[in-house]
**Q** 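Pasting in a structure now, in structure tokens, and then I'll have a few things to ask.
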Amino acid sequence: MANVTIYQKISALSPHIEMINRRLYYFLKPIVDRFLKKKISNKGPKNTTNSNLDFNQIIRELKDRGLNSGDILVMHASFNELKVLGLSPIEIVNSLLDYLGPEGTLAMPSIAIYPEPQVEKDGTIKNIFDYDIKSTKIWTGAIAKAMISDPRSHRSLHPLNSMVAIGKHAINMMEDNEKDPYPCGVMSSWSFCANRNAFVLGLGTDLTHSLTMIHVAEDTKGENWVVPNWYQDRIFRIINGEKTFQLKVKERKYKWGKLHFAERNLAKELINRKVLKSKLVGNILIESLRSNELVTFLENRNIKGYPYFWV
């Protein structure tokens, strides 16, 4: 893997070391931000050295890894890393759709940005959040934004871990997502893709860091998930054109991802078990896996909450 930081290397030595490092990081980060005015980042330097690389090389790499015409492709991507290819976000989308063909589907996370929640003393979240599938801003990048703006696209009505898709399965993928309180539950777009063995791709980004698909293993179990007190309730106002309705959903409590997720150890295990393939093409990091292999890997290990520790 490219641009691996010292923090990531040390964290990968043991999940218990990673738990300690996470606590130190979140304790020290506000101090560093306040007094040094310098953000801690694990993104690494921006890619500026791929002028001789074209997108066809990336397509060939994906073909070699088993991405086929007609597949469902779930992509996490950093457009900053892909700018050197000389393509716009929508040109990247169209290139992938051309390869996937009329039977294929391209999907991306289109995860919304919400204001800071007001948390009561008993832990409940007070405020109601608006989710407009057309106008609510997202943090998952320029390519996903381009897909949302494309008239061919369809977007999930579920306000958490939302997804946007173009292609044959896009409509069915998003159907009734909002009827499942869990973001990656049995009726979610993520579960739809997992059940059809989607090809999950990280393009110019650390896939394990953004691997939303792992939550299918926990959210499909709902309240039967092995770790108690996992979820909190949030209420949203869903806006879909002229239609507006209120929705209560389940959200993983922030502390589980912040302090208990052994991300670097999961990445190491996925690579060692040959579930995750990781390779630099030019200077662009390409990582991929199949959803069935990922979910099976997790379900065989999550009897105690893996990949979460100290739970």
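The structure presented is a predicted model; accordingly, all values stated were derived computationally and were not measured.
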**Q** Between R155 and I148 (side chain of the first, backbone of the second, donor and acceptor by atom type, cut-off under 3.5 Å), is there such a pair?
**A**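 Flag not set: sc R155 to bb I148 has no pair under 3.5 Å.
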
**Q** Could you go through the side chain to side chain contact (heavy atoms under 4.5 Å, CB included) check for L157 and I133 one step at a time?
**A** CA-CA 7 Å; L157 280 175; I133 67 167; 3.6 Å; yes

**Q** Tell me whether K168 is salt-bridged to E103, with the criterion being a basic N under 4.0 Å from an acidic carboxylate O.
**A**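 E103 and K168: salt-bridged.
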
**Q** At what distance, to the nearest 0.5 angstrom, does CD of E178 lie from CG of L247?
**A** 7.5 Å

**Q** Is E287 paired with K277 through a side-chain N to carboxylate O contact shorter than 4.0 Å?
**A**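 No, no charged N to carboxylate O under 4.0 Å.
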
**Q** Could you tell me the separation between the OG atom of S14 and the CD1 atom of I20, rounded to the nearest 0.5 Å?
**A**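 So the gap between those two atoms works out to 8.0 Å.
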
**Q** Check the hydrophobic clustering (I, L, V, M, F, W, Y; side-chain heavy atoms under 4.5 Å; chains of links allowed) and say if V226 and V216 are grouped together.
**A**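 Per the 4.5 Å side-chain linkage, V226 and V216 are co-clustered.
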
**Q** Provide the closest heavy-atom pair for F79 versus S88 in the form atom of the first, atom of the second, distance.
**A**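 Closest approach of F79 to S88: CE1-C, 4.0 Å.
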
**Q** Does K145 offer a backbone N or O that forms a donor-acceptor pair with the side chain of S149 under 3.5 Å?
**A** yes

**Q** Counting the benzene-type ring for Trp, do Y182 and W230 have ring centres under 6.0 Å apart?
**A** no

**Q** Can you tell me how far the NZ atom of K63 sits from the CZ atom of R65, to the nearest 0.5 Å?
**A** 15.5 Å

**Q** Would the distance check show the side chain of H158 and the main-chain N or O of N177 forming a donor-acceptor pair, the cut-off being under 3.5 Å?
**A**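 Checked: no pair found.
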
**Q** Can you confirm if the NZ or CZ of R252 lies within 45° of the ring axis of Y254 and under 6.0 Å from the centre of its six-membered ring?
**A**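 No, R252 and Y254 do not form such a contact.
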
**Q** Does I143 belong to the same Ile/Leu/Val/Met/Phe/Trp/Tyr cluster as L100, with side-chain heavy atoms less than 4.5 Å apart forming each link?
**A**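 In one cluster: yes.
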
**Q** Any idea which heavy atoms bring L67 and L73 closest together, and the distance?
**A** CD2-CD2, 4.2 Å

**Q** Report yes or no: does S153 contribute a side-chain atom to a donor-acceptor pair with the main-chain N or O of D150 at less than 3.5 Å?
**A** yes

**Q** Is the closest side-chain heavy-atom distance between I58 and I286 below 4.5 Å?
**A** yes

**Q** More than 12 heavy atoms of other residues, nucleotides or ligands under 6.0 Å from CD1 of I6: is that the case?
**A**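 Result for CD1/I6: open.
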
**Q** In chain order, what residues pass the salt bridge (charged side-chain N to carboxylate O under 4.0 Å, His left out) check against K258, with sequence neighbours excluded?
**A**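 Listed in chain order: nothing, the list is empty.
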
**Q** Would you find a donor on one side and an acceptor on the other, under 3.5 Å apart, between the side chain of K9 and the backbone of T5?
**A** no

**Q** Would you mind reporting whether C193 and M213 have side-chain heavy atoms less than 4.5 Å apart?
**A** yes

**Q** Using only atom types and a distance under 3.5 Å, with no angle test, would you say the side chain of D54 pairs donor to acceptor with the backbone of Q57?
**A** yes

**Q** Answer with yes or no whether the hydrophobic clustering places I90 together with V164; edges join I, L, V, M, F, W, Y residues whose side-chain heavy atoms lie under 4.5 Å apart.
**A** yes

**Q** Which pairs of donor and acceptor atoms, one on a side chain in residues 194-203, lie under 3.5 Å apart (sequence neighbours left out)?
**A**
{"unit_1": "N195", "atom_1": "ND2", "unit_2": "S191", "atom_2": "O", "d": "3.2"}
{"unit_1": "R196", "atom_1": "NH1", "unit_2": "F192", "atom_2": "O", "d": "3.0"}
{"unit_1": "N197", "atom_1": "OD1", "unit_2": "N292", "atom_2": "N", "d": "3.1"}

**Q** Hey, any chance I235 and F129 share a hydrophobic cluster, counting ILVMFWY side chains that come within less than 4.5 Å of each other, even indirectly?
**A** no

**Q** For N161, does its backbone N or O pair with a side-chain atom of W190 as donor and acceptor, under 3.5 Å?
**A** yes

**Q** Which is it for I111 and I138 under the side chain to side chain contact (heavy atoms under 4.5 Å, CB included) test, yes or no, and what are the steps along the way?
**A** CA-CA 5 Å; I111 301 177; I138 65 172; 5.8 Å; no

**Q** Please state whether the rings of F297 and Y306 are parallel, tilted or perpendicular, taking 30° and 60° as the class boundaries.
**A** perpendicular

**Q** Work out which heavy atom in R290 is nearest to a heavy atom in N68; give both atom names and the distance.
**A** NH2-ND2, 4.1 Å

**Q** Quick one: does E91's side chain get under 4.5 Å of L85's, heavy atoms only?
**A** no

**Q** Would you call T140 and M108 a side-chain contact if the rule is heavy atoms closer than 4.5 Å?
**A** no

**Q** L289 and L276: which non-hydrogen atoms are nearest, and at how many Å?
**A** CD2-CD1, 4.1 Å

**Q** Within the distance-only criterion (no hydrogens, no angle test), does the side chain of E18 pair as donor or acceptor with the backbone N or O of E263 below 3.5 angstrom?
**A**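 Indeed, once roles are kept as given, a pair shorter than 3.5 Å links the two residues.
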
**Q** More than 12 heavy atoms of other residues, nucleotides or ligands under 6.0 Å from CD1 of I171: is that the case?
**A** no

**Q** How about F261 and Y308: are their ring centres within less than 6.0 Å of each other?
**A** yes

**Q** Closest heavy-atom contact between M174 and S189?
**A**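 That would be SD-CB, 3.9 Å.
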
**Q** Taking the side chain as C-beta and beyond, is there a heavy-atom pair between D180 and D176 under 4.5 Å?
**A**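 In short, these two side chains do not touch, never coming nearer than 4.5 Å.
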
**Q** Could you tell me whether K134 and D132 have a side-chain N and a carboxylate O separated by less than 4.0 Å?
**A**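 The answer is no: the pair does not qualify as a salt bridge.
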
**Q** Transitively linked via ILVMFWY side-chain contacts under 4.5 Å: V74 with I214?
**A** yes

**Q** Is there a donor-acceptor contact under 3.5 Å from the side chain of R23 to the main chain of L259?
**A**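 Checking the backbone N and O of L259 against the side chain of R23, a donor-acceptor pair under 3.5 Å is found.
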
**Q** Check whether any side-chain heavy atom of P183 lies under 4.5 Å from a side-chain heavy atom of V249, and answer yes or no.
**A** no

**Q** State, yes or no, whether a side-chain contact exists between I92 and L82 at a heavy-atom distance under 4.5 Å.
**A** yes

**Q** With side chain to side chain contact (heavy atoms under 4.5 Å, CB included) as the test, would you mind laying out the steps for T205 and E81 before giving the verdict?
**A** CA-CA 8 Å; T205 189; E81 291 293 314; over 6 Å; no

**Q** Determine whether the side chains of Y231 and D219 contain a donor N or O and an acceptor N or O closer than 3.5 Å.
**A** yes

**Q** Measure the CG-CG distance between L207 and L270 for me, rounded to the nearest 0.5 Å.
**A**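 It is 8.5 Å, given to the nearest 0.5 Å.
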
**Q** Could you walk me through whether T212 and M163 satisfy the side chain to side chain contact (heavy atoms under 4.5 Å, CB included) test, starting with their C-alpha distance in whole Å, then the side-chain angles of each, then the deciding distance to 0.1 Å, before giving a yes or no?
**A** CA-CA 10 Å; T212 310; M163 185 183 278; over 6 Å; no

**Q** Between P159 and S162, what is the shortest heavy-atom contact and its length?
**A**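 Looking at all heavy atoms of both residues, the shortest contact is C-OG, 3.7 Å.
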
**Q** If you count the non-hydrogen atoms of other residues, nucleotides and ligands that lie under 6.0 Å from CH2 in W310, is the total more than 12?
**A** yes

**Q** I want to check something: taking the side chain as every heavy atom from C-beta on, are H76 and P109 in contact at a cut-off of under 4.5 Å?
**A**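 In short, these two side chains touch, coming nearer than 4.5 Å.
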
**Q** Would one find more than 12 heavy atoms of other residues, nucleotides or ligands at under 6.0 Å from atom NZ of K279?
**A** no

**Q** Is it the case that the side chains of N21 and S11 hold a donor-acceptor pair, with the cut-off being a distance below 3.5 Å and no angle test?
**A**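 Looking only at side-chain atoms, N21 and S11 do form a donor-acceptor pair, the distance falling under 3.5 Å.
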
**Q** If you measure from CZ on R264 to OH on Y7, what distance do you get to the nearest 0.5 Å?
**A**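 With rounding to 0.5 Å, CZ (R264) is 9.0 Å from OH (Y7).
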
**Q** Using a strict threshold of under 4.0 Å (side-chain N to carboxylate O), is an ion pair present between R301 and E269?
**A**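 Not counted as a salt bridge, because no side-chain N and carboxylate O are separated by less than 4.0 Å.
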
**Q** Between atom CD of E223 and atom CG of N229, what is the distance when rounded to the nearest 0.5 Å?
**A** 9.5 Å

